[in-house]
Asks: 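First, the structure itself, so that you have it in front of you.
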Amino acid sequence: MSEQRRIRVLAPRLANQIAAGEVVERPASVVKELLENAIDAGSRRIEVEIEAGGARLIRVRDDGSGIGEADLPLALSRHATSKIASLEELEGVASLGFRGEALASISSVSRLELVSNVADDPTAGWRVVAEGRQMEPRVTPAPHPRGTSVTVRDLFFNTPARRKFLRTEKTEYGHVEEAFRRLALSRFDIAWALRHNQKGVHQLPAAGDAAGHERRIAALLGKPFLNNALHLDLAAGHLRLWGWVGLPTHSRAQADQQYFFVNGRVVRDRLVAHAIRQAYRDVLFHGRHPVFVLYLELDPTVVDVNVHPTKHEVRFRDGRLVHDFLFSSLHRALAEARPAERETDAETATPASEAGPGVREPAGRWQQQPMALHERREASGEPVTRDRVRAFMDGYRALHPEHEETLLTPQPGAPGAGGAAADAALTERRAAQPPAPPAPLPAEDATRAPPLGYAVAQLHGIYILAQNARGLVVVDMHAAHERIVYERMKAQVHGGTLEAQPLLVPVSLAASAAEVATAEAEREAFARFGVELDVAGPETLLVRQVPALLSDADVEPLIRDMLGDLERYGRSDRLEAHVNELLATMACHGSVRANRQLTVAEMNALLRDMERTERSGQCNHGRPTWTEMTLKELDRLFLRGQ
Ligand code: ADP
Ligand code: MG
């Protein structure tokens, strides 16, 4: 039996070392704390120097306010801070630090030197050193320009157990760089530099405008990030959300490249993560992760940052409101990522060339296009019938006899003009707005062409080639049409306007006993999706009606897939949550199949549909539906004008 131990107050050094366990996990945590201090000191320029992944040396120099001679010993002692003085000040705290334990903790597990100067006279600095156990550091004069340099050597030299947990230099440096990246992303107005083993890694000038912001994003996250991101800036009440979100087609296998800042503080928060995941749910391929750099700004008094020692988590006073704001802002931004007019060449070329070689064009291929309200309603799918399509086409013919040959004559191999419902779906947009004048032919005015331009040809029955004002557009017609059918069905089902179409000849289907049981049990669900299904025998089903949008689909595989989905989702009352999945399954059957010959009119109708359809930039599986090659890019291919 062990001897009874008396209770004692911990020696300060031991207390600090215990606290260091929470705050100082590895070199990167030291870098984070030192950088936050430099930011809090109002620095305009912060330089970081690292050796051996940070285990040997971490040095942070800043040009901030500095620490006065009298305060220097205090800076290294625990619970000593200049940032708050009362509990009231903690509510709504704007500084990154406030706990007053970082320097004390770090100095208890390393050899720390701090040189600082509050005056403009560069000879007037002071220096303190702490070597792990030395808790009352001596202050000696040392020249230093206005600002502070903190040098941390031999991290964990006196706590071998912790040192054993350090990984390879490369791994530790990776974490250091990530800490640097986060903070450099949090403050565009500060200039930053990072060196590792005497080599410059990042040199980031202060950035005051959008182009500067994007240069920094590209430097820290790579150009592909920026070229595939939407810029957004939205406000509602006292909330503002701005930054960059990656297109669903630019998702990643890992959840890296996800940066979220709340009032300038890097945050990994479950509520935030959930809202973002929800917003991408409909457009992201399963198991992929979106990329984003987002800044949420709100009144500091409605968010509690003191819920975790490293302050990575926050608590919102009105979490529901923040969640809804994030979700709806991102959901809308992603929905509106549609083909849009890019700025003209002249506009995009100037900043890019001014910025010098190697600098990307501003993200312009995709832009947020606010949708007019009437357009919204219209896009959300009025029921369309073949009759309306025909009526429209007749009207169109009467108005434009000159287009008869080029646009309306079915191409050889194409289905009859009035026959297939796929045609109806394709030309629906025209039908839905008979009074609108038909789009002009390319020859009439190429510069006013719509964003996706006009079809010029179909390639191998898979791709549509179109010409727009900027160059060549290539569309994966199956993927694009699938997305359009899906969005339209979604709007119809959720809006209660799904139009069904009785089959002229009901289709009889051999079915398993389980399928028959599902069909019987899910009769109502089928009806809701516009399908009428009868049990015609113990192993026979009879399909009497399908949604009008799918009347051209192959009925049997469609019904089998629906049976499969309903068996999975329906019984367990989870159908509501899976309505969109079911619609996606259905849409897949309703879209134009590869190798179907389309007329020019059909192709143009599809292009116009894409321009109007939300989320049409990617198919239901998150793959892109179209791409563009500008004349400039084509010229480059052929070395023209070089
Ligand atoms: P906290 O940041 O929570 O206040 P720290 O232990 O990180 O605690 O720092 C203690 C104090 O030292 C700070 O409150 C600040 O007054 C001072 N300090 C630390 N680093 C700097 C710096 N780079 N420039 C100016 N003052 C600093
Ligand atoms: Mg601090």
Side-chain angles (χ1 to χ4, degrees), residues 12-13 15-25 28-49 58-87 89-90 92-110 112-120 122 124-130 132 135-137 139 142 144-152 155 179-180 182-183 186-187 190-193 264-266 305-312:
R13 175 173 72 113
N16 285 339
Q17 286 174 335
I18 291 170
E22 271 185 320
V23 184
V24 189
E25 191 196 337
S29 8
V30 174
V31 171
K32 168 188 179 282
E33 293 296 336
L34 298 184
L35 293 182
E36 289 188 349
N37 281 347
I39 293 175
D40 283 345
S43 309
R44 311 312 309 159
R45 174 171 181 84
I46 301 174
E47 292 171 14
V48 187
E49 208 181 315
I58 297 166
R59 178 176 291 136
V60 173
R61 295 170 70 91
D62 69 52
D63 60 357
S65 60
I67 308 171
E69 180 193 352
D71 281 351
L72 269 183
L74 269 181
L76 300 190
S77 57
R78 191 137 173 250
H79 303 310
T81 179
S82 59
K83 296 170 193 174
I84 56 166
S86 68
L87 195 60
E89 280 181 46
L90 183 57
V93 64
S95 58
L96 297 172
F98 52 77
R99 299 170 64 104
E101 50 185 20
L103 288 182
S105 300
I106 295 166
S107 66
S108 74
V109 292
S110 70
L112 183 143
E113 179 198 69
L114 196 156
V115 187
S116 194
N117 182 2
V118 291
D120 286 324
W126 294 91
R127 165 177 188 265
V128 279
V129 202
M135 285 315 299
E136 277 161 70
V139 180
H144 191 278
R146 184 200 179 91
T148 305
S149 294
V150 181
T151 308
V152 173
L155 185 64
F180 175 88
R182 286 191 186 139
L183 286 154
S186 82
R187 290 290 296 267
I190 296 176
W192 299 82
R265 196 184 288 280
V266 197
V305 295
N306 187 30
V307 291
H308 194 267
T310 59
K311 311 180 202 81
H312 273 319

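We count ligands from 1, going down the list as the structure has it; atoms in each ligand are counted the same way. For clarity, every value in this text was computed on a predicted model and none was experimentally measured.
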Asks: Identify the two heavy atoms, one from I67 and one from S116, that lie closest to each other, and give their separation to 0.1 Å.
Replies: N-OG, 2.7 Å
Asks: What residue among L114, I58, I106 forms side-chain contact (heavy atoms from CB on, under 4.5 Å) with V150?
Replies: L114
Asks: Name the option, out of T148, I67, I39, that contains the heavy atom nearest to atom 26 (N) of ligand 1.
Replies: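 Among T148, I67, I39, the closest heavy atom to atom 26 (N) of ligand 1 comes from I67.
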Asks: Closer than 2.8 Å to the Mg ion (ligand 2): does that hold for any N, O or S atom in N37?
Replies: yes
Asks: Ligand 1 and L103, any nitrogen or oxygen pair closer than 3.5 angstrom?
Replies: yes
Asks: Going by the side-chain contact (heavy atoms from CB on, under 4.5 Å) test, name the single residue among L35, D40, V266 that passes it with L96.
Replies: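 Among L35, D40, V266, the one meeting side-chain contact (heavy atoms from CB on, under 4.5 Å) with L96 is D40.
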Asks: Which is it for D62 and ligand 1 at heavy atoms under 4.0 Å: side chain, backbone, both or neither?
Replies: side chain
Asks: Is a side-chain donor or acceptor of D63 paired with a backbone partner of G147 at a separation under 3.5 angstrom?
Replies: no
Asks: Check for me whether G66 has a heavy atom closer than 4.0 Å to any atom of ligand 1.
Replies: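 The answer is yes: ligand 1 sits under 4.0 Å from a heavy atom of G66.
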Asks: Taking S43 for its side chain and D62 for its backbone only, find out whether a donor-acceptor pair lies under 3.5 Å.
Replies: no
Asks: Can you sort out which atoms of ligand 1 are near T81, meaning under 4.0 Å from one of its heavy atoms?
Replies: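 In order of numbering, the contacting atoms are 1 (P), 4 (O), 14 (O).
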Asks: Suppose I only count heavy atoms of G97 and a 4.0 Å limit; which atoms of ligand 1 are within that range?
Replies: 2 (O), 3 (O)
Asks: Using only atom types and a distance under 3.5 Å, with no angle test, would you say the side chain of S95 pairs donor to acceptor with the backbone of G97?
Replies: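 Yes, because the side chain of S95 sits within donor-acceptor range (under 3.5 Å) of the backbone of G97.
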Asks: So is there a nitrogen or oxygen of S82 less than 3.5 Å from a nitrogen or oxygen in ligand 1?
Replies: yes
Asks: Hey, looking at atom 19 (C) of ligand 1, which of L35, L96, N37 has the closest heavy atom?
Replies: N37
Asks: Within ligand 1, which atoms have a heavy atom of A41 less than 4.0 Å away?
Replies: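 Those atoms are 24 (N), 25 (C).
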Asks: Can you see whether H144 engages S149 through a side-chain donor-acceptor pair at a distance of less than 3.5 angstrom?
Replies: yes
Asks: Hey, what do you get for CZ (R187) to CD1 (I39), rounding to the nearest 0.5 Å?
Replies: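 The CZ atom of R187 sits 6.0 Å away from the CD1 atom of I39.
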Asks: What are the atoms of ligand 1, with element, lying closer than 4.0 Å to any heavy atom of G100?
Replies: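 Within the 4.0 Å cut-off of G100, ligand 1 contributes 1 (P), 3 (O), 4 (O), 6 (O), 8 (O).
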